[in-house]
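Take a look at the structure set out below.
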There are 2 protein chains.
Amino acid sequence: MTKTKEKKADHPPLKRGSGVTHVYETLRNEIIELKLTPGSPIDEVQLSERFSLSRTPIREALVRLAAEGLITTLTNRATIVSNIDFLNLADFFDALTLMYRVTTRLAAQKHRPEHIAEIQAFQDAFAQTVAEQDVLGMIASNRDFHVAIARAGGNRYYIELFTRLLDEGRRILRLYYSSFNDKLPQQYVTEHEDMIAAIVARDVSRADELARIHADQIVLQIQSYISADTRPNATLSL
Amino acid sequence: MTKTKEKKADHPPLKRGSGVTHVYETLRNEIIELKLTPGSPIDEVQLSERFSLSRTPIREALVRLAAEGLITTLTNRATIVSNIDFLNLADFFDALTLMYRVTTRLAAQKHRPEHIAEIQAFQDAFAQTVAEQDVLGMIASNRDFHVAIARAGGNRYYIELFTRLLDEGRRILRLYYSSFNDKLPQQYVTEHEDMIAAIVARDVSRADELARIHADQIVLQIQSYISADTRPNATLSL
DNA sequence: TGCATTTGCCTTGTCGACAATAAAAATTTT
DNA sequence: AAAATTTTTATTGTCGACAAGGCAAATGCA
């Protein structure tokens with residue numbers, strides 16, 4: 001009766017401390033990509049079988065995920081994938097908008113040539129996914145694009161918070177990504193290009209303005225998805 | 001040759017999952033209060049003796065501290081208390097100022113009566129420590145005051161980041177707290193009162209203005225301490 | 001004496017087993 | 001049959017021991 005559809009990887013000994021990182025990153029991605037759905041249980045022994053590790057390193061990865069808020073541990077009982085907090089979405093949008101603005105401003109002030117190349121590369125990848133109507137790819141490359149801008153700004157506190165917010169946003173967007181059949185993505189491509197131009201020109205106030213508009217639009221988009229959701233209890237606790 | 005000056009507490013079995021939390025909070029405080037100085041080694045077996053626990057729960061507490069950036073693990077080698085990053089202090093000040101402003105703005109918008117009582121209580125405690133010239137108490141109660149304001153604003157992302165920044169600030173301030181013999185503390189009391197008034201009046205722009213001034217002053221104060229530091233290598237890596 | 005190599009030690013990383021806790025199932029009692 | 005109680009079970013929390021890796025001292029060599 002055990003779910004044996006887990007692929008038991010047989011590459012246990014890569015390097016000494018690398019197993020934890022691998023488990024952490026793998027689970028983190030699976031949570032963000034909703035392969036592990038909110039509320040679903042995380043079983044330590046099951047994971048230890050899957051990754052061919054003992055429970056100790058698995059546990060360490062879970063502690064890190066819990067510190068990040070991606071999983072929730074019910075003491076002595078179970079650990080589950082954290083639910084998406086629809087009730088406090090306003091806080092999320094507020095912080096997201098602020099980080100959009102602050103990071104773009106800082107990038108305009110502090111970027112160096114190599115940063116522009118990196119940003120442009122991610123923007124190209126984003127444009128490609130838009131051209132291919134690869135919605136899941138769009139969500140991922142859009143995130144990479146903005147993280148690159150944040151890195152150009154160089155403030156580690158903003159980078160960390162913004163990354164977390166963008167990844168949380170990926171979870172939300174994936175819930176509604178079937179609704180993506182509109183013209184917005186192409187507009188985002190243009191806005192991204194404008195943002196790059198403002199950053200290159202070191203035009204701080206214009207970068208700020210563009211970031212604000214961009215953020216507002218994304219917030220509106222997500223909100224429209226949610227309000228268009230007809231499921232009666234869709235915005236309940238989970 | 002073993003340092004036996006650690007007080008071996010003999011209260012191991014309180015409750016099942018509480019040991020980790022206790023170790024985490026204890027070490028966190030000791031790091032912030034510089035009882036554990038930056039760069040000093042954290043020995044797992046030593047801690048397990050001190051807290052009468054096995055290495056496993058100690059390790060879990062350390063993982064959480066590492067996730068927060070308070071300790072640094074040199075893989076397979078050692079784990080040390082994280083150094084204060086003087087090189088990137090500008091980033092710290094930038095984020096700190098932003099959080100001062102944003103949280104105070106939000107508090108003016110969203111506070112409820114019970115929040116004001118809490119804020120005022122911490123402000124009273126702060127005023128008390130100033131009157132008593134209790135510098136260490138000032139640092140702590142000032143932090144509590146601003147965290148209370150952030151809680152009144154209610155945005156968990158800001159609360160978390162701001163708390164982290166304020167606690168990191170406590171580490172820095174403790175390095176220089178002997179320089180506190182000036183008139184600034186009394187001025188901070190007044191500014192705090194003004195901030196409370198603006199919050200109560202729900203005057204968002206005034207709250208923002210006051211927070212900005214307050215932040216700038218604190219930044220200037222810390223910077224003056226650092227520049228007045230005559231130690232040649234005081235601002236090196238550690 | 002200076003440098004490369006080896007050996008040993010110290011700390012962390014991993015493991016398998018056991019204990020505790022709480023939910024679920026089974027049993028008893030009314 | 002319903003409710004309270006006991007037993008079972010599933011999962012996490014903790015433990016002690018071992019292995020691995022890196023650093024430093026010790027050794028060998030030029």
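Naming convention: chains lettered A, B, ... in sequence-line order (proteins, then strands); numbering from 1 in each chain. This is a predicted model, so every value here is computed, not measured.
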Assign each of B:R55 and A:I42 to its nearest nucleotide of DNA chain D by heavy atoms, then name whichever residue's nucleotide is nearer the 5' end. A:I42
Nearest listed nucleotide, side chain of B:S54, among D:dT12, C:dT14, D:dG16: D:dG16
Given atom CD of A:E49 and atom P of D:dT11, what is their separation to the nearest angstrom? 11 Å
Between B:E168 and B:R171, is the closest basic N to carboxylate O distance under 4.0 Å? yes
Of the listed nucleotides (C:dA17, D:dC15, C:dT11), which one gets closest to any side-chain atom of B:T56? D:dC15
Nucleotide of C:dT12, C:dA23, D:dT12 approaching A:R77 most closely (side-chain heavy atoms): C:dA23
Classify B:T73 by what it touches in the nucleic acid, base, sugar-phosphate, or nothing, heavy-atom distance under 4.0 Å. nothing
Counting side-chain heavy atoms from C-beta on, which of D:dT14, C:dT21, C:dG16 comes nearest to A:N76? C:dT21
Electrostatic pair B:R164:B:D167 at N-O distance under 4.0 angstrom: no
Ranking B:D43 and A:V20 by the position along DNA chain C of their nearest nucleotide, the one closer to 5' is B:D43
Run through B:I222, B:I226, B:I84 and flag the one making a side chain to side chain contact (heavy atoms under 4.5 Å, CB included) with B:L175. B:I84
Locate the shortest heavy-atom distance separating B:T163 from B:V147; write the atom from each residue and the value. OG1-CG2, 4.0 Å
Classify the side chain of A:R16 versus the base of C:dT14 as yes if they form a donor-acceptor pair under 3.5 Å and no if they do not. no
What's the CD1-P distance between B:I58 and D:dG16, to the nearest Å? 12 Å
B:P57 has a side chain; which of D:dC15, D:dT12, C:dT12 sits nearest to it? D:dC15
When we call it a touch if two heavy atoms are under 4.0 Å apart, what does B:L62 touch: a base, just sugar-phosphate, or nothing? nothing
